[in-house]
Number of protein chains: 2
Amino acid sequence: MTRNTVSSPPPPASDSIAQALSLAIHEHRLAPGTKLGEGELAEIYGVSRTVIRAALQSLSHTKLVDIRRNKGASVASPSLKEARDVFEARELLEPRTARSAAARATASDIALLERHISDEHAALDASDPGRALYLSGLFHNEIARIADQTTIAGFIETLVARSSLIIALYWRREAALCEKHAHHALVRALADHDATQAEALMRSHLVDLHSALDLRERNARAPSLKAALSQ
Amino acid sequence: MTRNTVSSPPPPASDSIAQALSLAIHEHRLAPGTKLGEGELAEIYGVSRTVIRAALQSLSHTKLVDIRRNKGASVASPSLKEARDVFEARELLEPRTARSAAARATASDIALLERHISDEHAALDASDPGRALYLSGLFHNEIARIADQTTIAGFIETLVARSSLIIALYWRREAALCEKHAHHALVRALADHDATQAEALMRSHLVDLHSALDLRERNARAPSLKAALSQ
DNA sequence: CAATCCTGCATTGTATACAATTATGTGTCC
DNA sequence: GGACACATAATTGTATACAATGCAGGATTG
């Protein structure tokens, strides 16, 4: 039985708080660079700084939060290079994972994926793009889980989370509804156990996503300004 | 300059302690399943449990240490499935990374890799197989670093570390000097910028390593016994 | 004699207190 | 008026104190 995310009787453990913060970052309620003061968070969640520190350290291990000694924690703000790194990693891992998933997907897996898609569309209709993005990430995580490679699935989970930050920073408005049916087509390939097709679709889906970002070098004249402002 | 592992004037930060423990696990001085009591470690390193807890949590994120609520921390003891997962991940990531590294390796990179190899041989001659294993891991990490994909390099680092635990648990004595010249051949391919060859050599090297492990199912009759004893 | 419950000890989880570092705001000097 | 220096406040890092949980040993009872 999975423990519920935030229960009231026992004060929230550090894991719950980390998850809550992670969700807020996923949904773009916490923007990159936002300062995460320990005392402030301790008051919000009604726990001591000890617990907050554990949660923040946990998030820093997944690169969602940036901790600098004596300077505190803030929501991470991936550089251009980091952004490219993350997407290169995704393009290496996820197509292969989709291939494995196609061989193993069961009917209930497919049903769950379709539910994610419809939830995502519902969130979009409700003008909650943050939540839609989060659900879109869940979709990718779910495929990794289906592939039954726990280690790689864990990697993908952190990559998806970091992608959320990257999208917050580098998304181009011009790039429109990119993945309207990309996920649908992927699910169909998985349902058909068409491994090659699933791999190809995942690859092109990620390439689409990648190209919807503006990862060109900029501010060559004042490279330190942006870094200074972002904190 | 890398900060030394345990310095006296400033009390060792949690990172230093995590690194020291990680090294001890790498070198098989700490066996899988070993209990890591907070008080004991606090006394050893002359710091409070606060710092120890941070170090242990850090190690638990890389799966080197297993923390169970109210039960404390122990050196992780990967299951057969985890072991297979880790090596599947390595076989997916590292060949591609070696390919990238071949395109980028500089003369100083090659020199550093060769130094690692000779250090490794020196450790073997000094009958210090634990250190040799650690240096062998450094070799793999170094290649990932050369490829200049920080994210993937980070993944590989954790995979290499976990491999050390897996080797401690599942190494077959029969499997003899597996990689005597595997690393040498790999370095040569990198020096020649022969990407295809580097990728192939890395792949076969990992397959060799994988097949030198005994990852067959066992104890089908009493599956819980081993788990019970390992803690 | 075996199984069970109870008690005491050891260890971990959390909160608080203190120390160290950084950030801020004010006053002075040029 | 601007820049530097110092004092003060706020925040983080570490240690310690207390609470809660788990473990072990022994007594009790059937």
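As the structure is a prediction and not an experimental result, all values here were calculated from the model. The sequence lines fix the lettering, A, B, ..., with proteins before strands; numbering per chain opens at 1.
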Distance check, rounded to the nearest 0.5 Å: B:Ile152 atom CD1 versus A:Leu93 atom CG?
6.5 Å

Rounded to whole angstrom units, what separation is found between the CZ atom of B:Arg69 and the P atom of D:dT21?
9 Å

Atom CZ of A:Phe87 and atom CG of A:Leu213: how far apart are they, to the nearest 0.5 Å?
5.0 Å

Establish, with yes or no, whether the OP1 or OP2 oxygen of C:dC18 is under 4.0 angstrom from a side-chain nitrogen or oxygen of A:Arg49.
no

Under 6.0 Å between ring centres, would you say that holds for B:His140 and B:His183?
yes

Find the distance B:Ile17:CD1 to D:dG13:C1' and express it as a whole number of Å.
13 Å

Hey, where does DNA chain C pair up into stems, meaning at least three consecutive Watson-Crick or G-U pairs with distances under 3.5 Å?
C:1-30 with D:1-30

Ring of A:Tyr134, cation from A:Arg131 - is the NZ or CZ under 6.0 Å from the centre and inside 45° of the axis?
no

If you measure only the distance, is there a donor-acceptor pair under 3.5 Å linking the side chains of A:Glu91 and A:His210?
yes

On the nucleotide D:dG13, are OP1 or OP2 found under 4.0 Å from the side-chain N or O atoms that A:Arg53 carries?
yes

Hey, does the side chain of B:Lys35 come within less than 4.0 Å of C:dT12's phosphate (OP1/OP2), counting only N and O?
yes

Taking atom C1' of C:dT14 as reference, at what distance in whole Å does atom CD of B:Gln57 sit?
12 Å

In whole angstroms, the gap separating P of D:dT12 from CD of A:Glu43 amounts to 13 Å

Where the side chain of B:Ser48 is defined as all heavy atoms beyond and including C-beta, which of C:dA15, D:dA15, C:dT12 is the nearest nucleotide?
D:dA15

Modelled atom types, side-chain donor and acceptor of B:Asp85 and A:Thr150, under 3.5 Å:
yes

Mind calculating the distance between CD (B:Glu38) and P (C:dT12) to the nearest angstrom?
5 Å

Among C:dT14, D:dT16, D:dC23, the nucleotide that comes nearest once only the side chain of B:Thr50 is considered:
D:dT16

